Every structure is written in structure tokens, then in C-alpha cells.
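Structure first, then comments.
Small disclaimer: the values here were computed from a predicted structure and weren't measured. Numbers restart at 1 for each chain; the letters A, B, ... are given by sequence-line order, proteins then strands.
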Protein chains: 2
Amino acid sequence: MKLSKKGIYGLRAFVDLAVYSENEPVSLSSIASRQDISVNYLEQLIAKLKKADLVKSVRGVNGGYILAKPIEEISVGEILRALEGDLTPVDCPGIKSESQCESAKYCVSKTVWKKINDSINETVNQINFGELVKESKEMQKG
Amino acid sequence: MKLSKKGIYGLRAFVDLAVYSENEPVSLSSIASRQDISVNYLEQLIAKLKKADLVKSVRGVNGGYILAKPIEEISVGEILRALEGDLTPVDCPGIKSESQCESAKYCVSKTVWKKINDSINETVNQINFGELVKESKEMQKG
DNA sequence: CTATATCCGAGTATTTTGGTCGGATATTCA
DNA sequence: TGAATATCCGACCAAAATACTCGGATATAG
């Protein structure tokens, strides 16, 4: 039951990107050096963010990445889901449709798994990315 | 971010145990056949539950396992923690004490990790095991 | 004394994760 | 045009975690 480094490094990198990409694209190599993550590995993480339309890329010299939309419109849930896949600790077919899971009829744990899945998603969806970035900027000033 | 089969099978086995152990100890082999889990693997799971004082064992012929305390006094959180270790998706030293984590000063994600950890634990702690068993019994009747 | 249990540690196979590498493509700028 | 600096992409590899299996010891009822 751990969030993998994909999620942890990825969110860190995304905060970094948000902080430094206000005026121009930020290259992976600059994020990598600030955050101490290898460029090669970062590539994989950012690819997931791009696929989820959270960042846009600018190729070529002086290229890099920029945010695809205003930070206020992004939740931490979106970011983590892009990086980690869905944040449902338990894959239980019975949660979504009654009939798919053969043991669903007698599987009482279903309600437990649903509660767990819902709570984690609600939590991360409620965390606004803009707030996080704001907080981060203030930390770096002080 | 997945709950492992330890947790999933373990909780299922524990519900089974609770349902069938009202009058006499339930053997692992009977749980195993009902739940379609190998006896050998179940041994490992139940060992964790025993270590956490959630079940008691009775050795020898006609032996097996019984609950160590009334089901109403058990939360799903206790069970899952016994099986999985702590249910904190992110190990971040900065959550507990400010000084331990060298990057804590600028690590804004800390608040995110704490919210995630807290929400999952609150959720599972609030689910009463007695309710679950009751629900399960009613399902089996109908 | 035998059958049926729990107990326990070691070992192995599979899957997931974390990370590297090589090379293709795009773009700027001299 | 060509060199430098980027993203892009798929394959690959190593390490760690997970999901088991196995063999044998110990306990106890009948």
C-alpha cells in the first residue's frame, strides 16, 4: 500500500515545473538537476503528464515543458492519477457492476474496498495544485 | 498504490473465520477450501492476525482458530494493518517531525502526503468489523 | 501411536518498480 | 547547412517486493 516513486518524484517535478515555467518552457535537464532525478527517468514521468494533457512540450533548442492549463484548474488527484494510474487501492469488479464479479453476491468486502477507494480519491481531488505551488513559492522566498 | 493480496485474502479469510467460529475453532483447511486459497499461504496470513492478537489458535486435532475478542471491538483498520503493515501510502519523515527530513524545508508535498495518509486510516478505522460480519451472514441466508 | 492440526523458517517463482540506453525527430542559431 | 540542444520512443536490465511452495517440528484428541 505505497505510493511509488513515480508519484512522489512526479509531483515534485510538476511543482518545480509550475514554479519555473511562468515565462518560458522549462527543460527536463534543469528540473533534473534541481530535483536530483535522472533526466532519463524524468522523461518517463513527464510523458505520463503529457499524455494526460497536464503539460505541453516545446521541442528543439530552448524547448521544454509548460503547463497545459492554469494551475488553479488542476487538482493533485489528476496529477497523481496521471502518474500512478488510478488511485484505487483495490480492484474489485463488484464495485462497478453487480454482475461482473462471480463472487460478488457473497463478497462483503466490496463495501470496504469502495469506501477506501472513494476516500482516497476524494482526498486528492480536493487538494488544489495552485495552492501547493503558492505555498512552495513562499517557502523559497523565506 | 494497490492493496496487496495479503490484505484482500486476509480480510476475506477473517470474515469467514468470524462467521464459522461461533461455537468451535475453525481449521485453516476449511477456510482454505471455502475461500479457495491454499492452506500454506493462509498460514502466513493468519500468523499475522495472531501476532496482532486478533485471533487465538487451538492446536491439535479439532483445533483451529477463534477470534481473540468480540467482533464489535474490531475495526477493519486493525485487520488490514495487521496484514499489510501500516497503511500509510507515503513514508515522509517530514510528516512526523520537522527536522528529520533534510529537504522538509522546501518540501511542499508533505501536506499532501499527510492528508492522504490520514484519510485512508480514518476510513478503515471507522469501518466496524461486526457490521461487516453481520452483513455477510445476511447475504448467506438470502 | 496415528491422524489432524498449528507452527516456523527457508526457498523460489512471478510481478512490479526503478532506472538505463540508444537512437530518431524537431528546432534554433551561427 | 550543420552543430547543439531539446523532446520523443521503445527496448532493455537490475533490484525489490509479492505471492506463493515446501519440509519438517510440535501439539493434542481419540
Does D/dA6 have OP1 or OP2 sitting under 4.0 Å from an N or O in the side chain of A/S57?
no
Check: D/dT18 base within 3.5 Å donor-acceptor of B/Q44 side chain
no
Taking the nucleotide of DNA chain D with the closest heavy atom to each, which residue, A/M1 or A/G60, is nearer the 5' end?
A/G60
Contacts table for residues 17-25 of chain B: side-chain donor-acceptor under 3.5 angstrom, sequence neighbours left out:
residue : atom : partner : partner atom : Å
B/S21   : OG   : B/L17   : O            : 2.8
B/E22   : OE2  : B/K137  : NZ           : 3.0

Rounded distance in Å - CD (A/E84) to P (C/dT17)
8 Å
Tell me the interatomic distance from A/N40, atom CG, to D/dA6, atom C1', rounded to whole angstroms.
13 Å
Determine the contact category for B/K56: base if any of its heavy atoms lies under 4.0 Å from a base atom, sugar-phosphate if only primed atoms, P, OP1 or OP2 are that close, otherwise nothing.
nothing
Spacing between A/L42 atom CG and C/dT20 atom P, to the nearest angstrom:
11 Å
5'-most contact on DNA chain D: B/S4 or B/E43, nearest heavy atom basis?
B/S4
Acceptor/donor pairs from residues 51-72 of chain A side chains to any protein atom, 3.5 angstrom cut, sequence neighbours excluded:
residue : atom : partner : partner atom : Å
A/S57   : OG   : A/K50   : NZ           : 3.2
A/K69   : NZ   : A/E78   : OE1          : 3.2

Classify A/L28 by what it touches in the nucleic acid, base, sugar-phosphate, or nothing, heavy-atom distance under 4.0 Å.
sugar-phosphate
Tightest non-hydrogen contact, residues B/I116 and B/P89, listed as CG2-CG, 3.8 Å
Starting the side chain at C-beta, find the nucleotide from C/dG18, D/dC8, C/dT6 nearest to A/Y65.
D/dC8
Taken to the nearest whole Å, CG/A/L83 to P/C/dG18 is 12 Å
Of A/V61 and B/V39, the one whose closest DNA chain C nucleotide lies more 5':
B/V39
Can a salt bridge be assigned to the pair B/R81 and B/D86 using a cut-off of 4.0 Å between side-chain N and carboxylate O?
no
Quick check for you: among D/dT28, C/dT28, D/dA19, whose closest atom lies nearest to any side-chain atom of B/R59?
D/dT28
Length of the CD1-P vector between B/I66 and C/dA5, whole Å:
16 Å
Taking OP1 and OP2 of C/dC29, is either one under 4.0 Å from a side-chain nitrogen or oxygen of A/N62?
yes
Taken to the nearest whole Å, OH/A/Y41 to P/C/dG22 is 20 Å
Atom CD1 of A/I8 and atom C1' of C/dG18: how far apart are they, to the nearest Å?
12 Å
Counting only side-chain heavy atoms from C-beta out, which of D/dT7, D/dT21, D/dA19 sits nearest to B/K5?
D/dA19
Protein-nucleotide distance (B/L45, atom CG; C/dC7, atom C1'), rounded to Å:
15 Å
Taking everything shown except A/K2 itself, do over 12 heavy atoms lie less than 6.0 Å from its NZ?
yes
May I ask you to verify if any side-chain N or O of B/K6 is less than 4.0 angstrom from the OP1 or OP2 atom of D/dA17?
no
Would you say A/S38 places a side-chain N or O within less than 4.0 Å of OP1 or OP2 belonging to C/dT20?
yes
When all nucleic acid strands are considered with a 4.0 Å heavy-atom cut-off, which category describes B/K50: base, sugar-phosphate, or nothing?
sugar-phosphate
Backbone N/O of A/R12 and side chain of A/D16: donor-acceptor pair under 3.5 Å:
no
